[in-house]
J.: 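Next up is a structure, given as structure tokens.
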Amino acid sequence: MAIRFILSDYVDRAIAQAIYDKLEDGTFTGRIPVCKGVIAFAFTLRECEDELRSTLEDWILLGLKLGHSLPVIDNIDLNKEPSLEPMDTV
């Protein structure tokens, strides 16, 4: 049985929706339209992808800490209260 991590899945699916552009000076910008304010800039596309992932992770953690409503991405809703399993099922 494969272990799935909801936060990792959320990040991966959000990154899959990223839009990257090459700027006039040869640098790159990346953004995730559904995640307002998540944007990154870098000298290479790979660095931009890495920076965008890091920015997204920080944005999610801050949003959860502050109680902000996060967008539902591919039916993954981080706004739900977690349900706990009884100890005898473990």
Side-chain angles (χ1 to χ4, degrees):
M1 178 171 98
I3 297 175
R4 297 192 56 201
F5 298 100
I6 191 167
L7 190 55
S8 296
D9 288 347
Y10 187 90
V11 168
D12 289 342
R13 291 177 187 184
I15 288 294
Q17 297 179 14
I19 297 171
Y20 298 96
D21 293 304
K22 189 170 187 177
L23 302 177
E24 290 178 10
D25 65 357
T27 62
F28 291 86
T29 182
R31 61 188 171 87
I32 303 170
V34 72
C35 301
K36 303 294 183 210
V38 176
I39 188 167
F41 299 91
F43 290 107
T44 68
L45 180 57
R46 180 66 186 155
E47 289 172 345
C48 190
E49 291 170 338
D50 292 344
E51 185 65 28
L52 189 63
R53 178 176 292 273
S54 177
T55 301
L56 174 63
E57 291 169 351
D58 291 344
W59 182 84
I60 292 167
L61 294 175
L62 183 62
L64 291 172
K65 182 176 182 175
L66 297 177
H68 294 171
S69 180
L70 300 176
V72 176
I73 298 178
D74 288 346
N75 294 319
I76 300 175
D77 186 354
L78 297 180
N79 302 300
K80 294 179 182 178
E81 287 294 320
S83 59
L84 303 175
E85 296 282 331
M87 286 300 292
D88 60 346
T89 62
V90 177

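Side-chain atoms are counted along with the backbone in the values below, which use heavy atoms only and exclude waters and symmetry mates.
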J.: How far does OG1 of Thr29 sit from NZ of Lys22, to the nearest 0.5 angstrom?
T.: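 With rounding to 0.5 Å, OG1 (Thr29) is 14.0 Å from NZ (Lys22).
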J.: Say you draw a straight line from CG of Leu78 to CD1 of Ile60; how long is it, rounded to the nearest 0.5 Å?
T.: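 Taking CG in Leu78 and CD1 in Ile60, the distance rounds to 6.5 Å.
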J.: How close do Phe28 and Thr44 get, counting heavy atoms only, and between which atoms?
T.: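 Taking Phe28 first and Thr44 second, the nearest heavy atoms are CD1-C, 3.5 Å.
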J.: Mind checking the CD1-SG spacing from Ile73 to Cys35? Nearest 0.5 Å is all I need.
T.: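 Going from CD1 on Ile73 over to SG on Cys35, the span is 4.0 Å.
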J.: I need the minimum non-hydrogen distance between Pro71 and Val34, along with the two atoms involved.
T.: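 The pair with the smallest heavy-atom distance is CG-O, 3.5 Å.
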J.: Kindly compute the distance separating CG (Asp25) from CZ (Phe43), expressed to the nearest 0.5 Å.
T.: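 If I round to the nearest 0.5 Å, the distance is 8.0 Å.
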J.: Over all heavy atoms of both residues, which pair between Cys48 and Ala42 is shortest? Give the atoms and the distance, please.
T.: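 Here Cys48 and Ala42 meet closest at N-CB, 3.4 Å.
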J.: Please round to the nearest 0.5 Å and tell me the distance separating atom CG of Leu70 and atom CD1 of Ile76.
T.: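 Answer for the CG-CD1 pair, Leu70 versus Ile76, is 12.0 Å.
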J.: Applying side-chain contact (heavy atoms from CB on, under 4.5 Å), run through Arg53 and Val38 and close with a yes or a no.
T.: CA-CA 9 Å; Arg53 178 176 292 273; Val38 176; over 6 Å; no
J.: Show the nearest heavy-atom pair for residues Val72 and Asp77, with the distance to one decimal.
T.: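 In this case the closest contact between Val72 and Asp77 is CG2-CG, 3.7 Å.
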J.: Over all heavy atoms of both residues, which pair between Ala40 and Glu51 is shortest? Give the atoms and the distance, please.
T.: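 Nearest heavy atoms, Ala40 then Glu51: CB-CG, 3.7 Å.
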J.: Rounded to the nearest 0.5 Å, how far apart are CG of Asp21 and CZ of Arg31?
T.: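 Those atoms lie 6.5 Å apart.
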J.: Find out if a path of hydrophobic residues (ILVMFWY) with successive side-chain heavy-atom gaps under 4.5 Å connects Leu52 to Phe41.
T.: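 No, separate clusters.
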J.: Would you confirm whether Trp59, through its side chain, and Ile39, through its main-chain N or O, come within 3.5 Å as a donor-acceptor pair?
T.: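 No, Trp59 side chain to Ile39 backbone: no donor-acceptor pair under 3.5 Å.
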J.: Is there a continuous path of hydrophobic side-chain contacts, each under 4.5 Å between heavy atoms, that joins Ile15 to Leu45?
T.: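 Hydrophobic grouping puts Ile15 with Leu45.
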